[in-house]
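Each remark here refers to the structure printed beneath this line.
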Amino acid sequence: MRIGAHVRQDSDPIGFGERLGAEVIQMFVVDPQSWDKPQPHPQAERIKASPIDVVVHSTYQINVASTNNRLRMPSRNAVAQQAQAAAELGAFGLVVHGGHVRSDAEIEAGIVNWRKLFERQQDKGGFAVPILIENTAGGNHAMARHFDSIARLWDQVGEFGAGFCLDTCHAWAGGEELIGVVDRIRAITGRIDLVHLNSSRDEFNSGADRHANFADGTIDPQLLAEVCRTADAPVVLETPAEGIADDLAYLREHLD
């Protein structure tokens, strides 16, 4: 089992991982709030040569489900560009949030837009790394908040080799029980490629995407350890920086 954390300082991602004793790190390839095109990373060779595995998280404003052309089209381009940049770092995938639409009437169109992302890229030879769709915490018209919605989405994108990233905070805040969550999501997607193991600052079904350290959050840390133990996938912590070393220590202690 490979356990690690999200990198706050992308200038030296491997150094960050080494200081934490991480086996895997997650990083951005551009400012997560921007539409910038990725540039070659100055430490690309060190990142590729390191025994630490790397996964890339896409930028936050990407929404390939959107029915708004001015958002959907740059989102598609950004996914392809960031997947290419991830491949150049030897990353094993690109995490992309499920996104949302503006009304229940648009949900089917949003699912179709996700399928079109893969169809159009397939015509260009596919993505440079697997796209790992992440469940989200809030939004009444989200593509991947509730597991029944994820099932509808997977019916359209599963055949293209889409991967899945399970975020425990998002599932909890989105109103999905964590007991048995690994089996439930595997029954839908057939796979879990990455776990974002986070506690939540807010209560169950709050819809709030606010991560917390294990000791401070509303999710039982033993339940988080059980998800980690059963998922059979790389695990990345996105908990607050001041407590992340303690979170990793808790996991290592309770997984032995």
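Just so you know, these numbers use all the heavy atoms, side chains as well, and skip hydrogens, waters and symmetry mates.
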Practice task
State whether the number of non-hydrogen atoms from other residues, nucleotides or ligands found under 6.0 Å of Gln222 atom CD is greater than 12.
Solution key: no
Handout entry: Test item: His170 and His196 side chains (from C-beta on) under 4.5 Å apart, heavy atoms
Key = no
Problem - pair Leu166-Asn135: side-chain heavy atoms closer than 4.5 Å - result: yes
Handout entry: Side chain to side chain, Leu237 and Phe214, heavy atoms closer than 4.5 Å
Key = yes
Practice task
Name all pairs fulfilling the salt bridge (Lys or Arg N to Asp or Glu O under 4.0 Å) condition that reach into residues 99-110, sequence neighbours left out, sorted by first residue then second.
Solution key: Arg102-Glu106, Glu108-Arg152
Handout entry: Spatial distance of atom CD (Glu176) from atom CG (Leu178) [nearest 0.5 Å]
Key = 9.5 Å
Problem - Flag, side chain of Arg145 to backbone of Gly174, donor-acceptor distance under 3.5 Å - result: yes
Problem - Transitive ILVMFWY side-chain link Ile244 to Met1, under 4.5 Å - result: yes
Handout entry: Side chain to side chain, Val181 and Phe147, heavy atoms closer than 4.5 Å
Key = yes
Fill in the blank from the handout: Between Trp172 and the options Asp202, Thr218, Asn198, the side chain to side chain donor-acceptor pair (under 3.5 Å) test singles out Thr218
Handout entry: Close side-chain approach of Leu223 and Ile179, heavy atoms under 4.5 Å
Key = yes
Handout entry: Non-neighbouring partners of His6 that pass ring-ring contact (aromatic ring centres under 6.0 Å, His included), sequence neighbours left out
Key = Phe28
Exercise for the section: For residues Leu255 and Cys228, determine if any side-chain heavy atom of one lies less than 4.5 Å from a side-chain heavy atom of the other. Expected result: yes
Problem - SB check Glu226 Arg229 (cutoff 4.0 Å) - result: yes
Practice task
Check whether the side chains of His211 and Asn213 place a donor and an acceptor atom closer than 3.5 Å, and report yes or no.
Solution key: no
Exercise for the section: Check whether any side-chain N or O of Asp193 sits under 3.5 Å from a backbone N or O of Phe164 as a donor-acceptor pair, and report yes or no. Expected result: yes
Problem - For the student: nearest non-hydrogen atoms of Tyr250 and Ala225, plus distance - result: CE2-CB, 4.4 Å
Problem - Other residues, nucleotides, ligands: >12 heavy atoms within 6.0 Å of Arg210 CZ - result: no
Problem - Side-chain touch Arg46/Asp12, heavy atoms, less than 4.5 angstrom - result: yes
Exercise for the section: Take atom CG of Asp232 as the centre, draw a 6.0 Å sphere, and report whether it contains more than 12 heavy atoms from other residues, nucleotides or ligands. Expected result: no
Practice task
Give a yes or no answer on whether the side chain of Arg72 reaches the backbone of Ser66 with a donor-acceptor pair at less than 3.5 Å.
Solution key: yes
Exercise for the section: Output, in order, the C-alpha distance, side-chain angles, deciding distance and verdict of side chain to side chain contact (heavy atoms under 4.5 Å, CB included) for Ile14 and Ile47. Expected result: CA-CA 6 Å; Ile14 296 302; Ile47 293 169; 3.9 Å; yes
For residues 82-101, run the donor-acceptor check on the side chains, cut-off 3.5 Å, and write out each pair with its distance to 0.1 Å, sequence neighbours left out.
residue	atom	partner	partner atom	Å
Gln82	OE1	Thr59	N	3.1
Gln82	NE2	Thr59	OG1	3.1
Gln84	NE2	Glu88	OE2	3.3
His97	NE2	His57	NE2	3.4
His97	NE2	Glu134	OE1	3.1

Exercise for the section: Look up atom CD in Glu18 and atom CD1 in Ile25, then write down how far apart they are to the nearest 0.5 Å. Expected result: 9.0 Å
Practice task
Please tell me if the side chains of Ile111 and Met143 come closer than 4.5 Å, counting only heavy atoms from C-beta onward.
Solution key: yes
Handout entry: Check: Asn63 main-chain N/O paired with Ser75 side-chain donor or acceptor under 3.5 Å
Key = yes
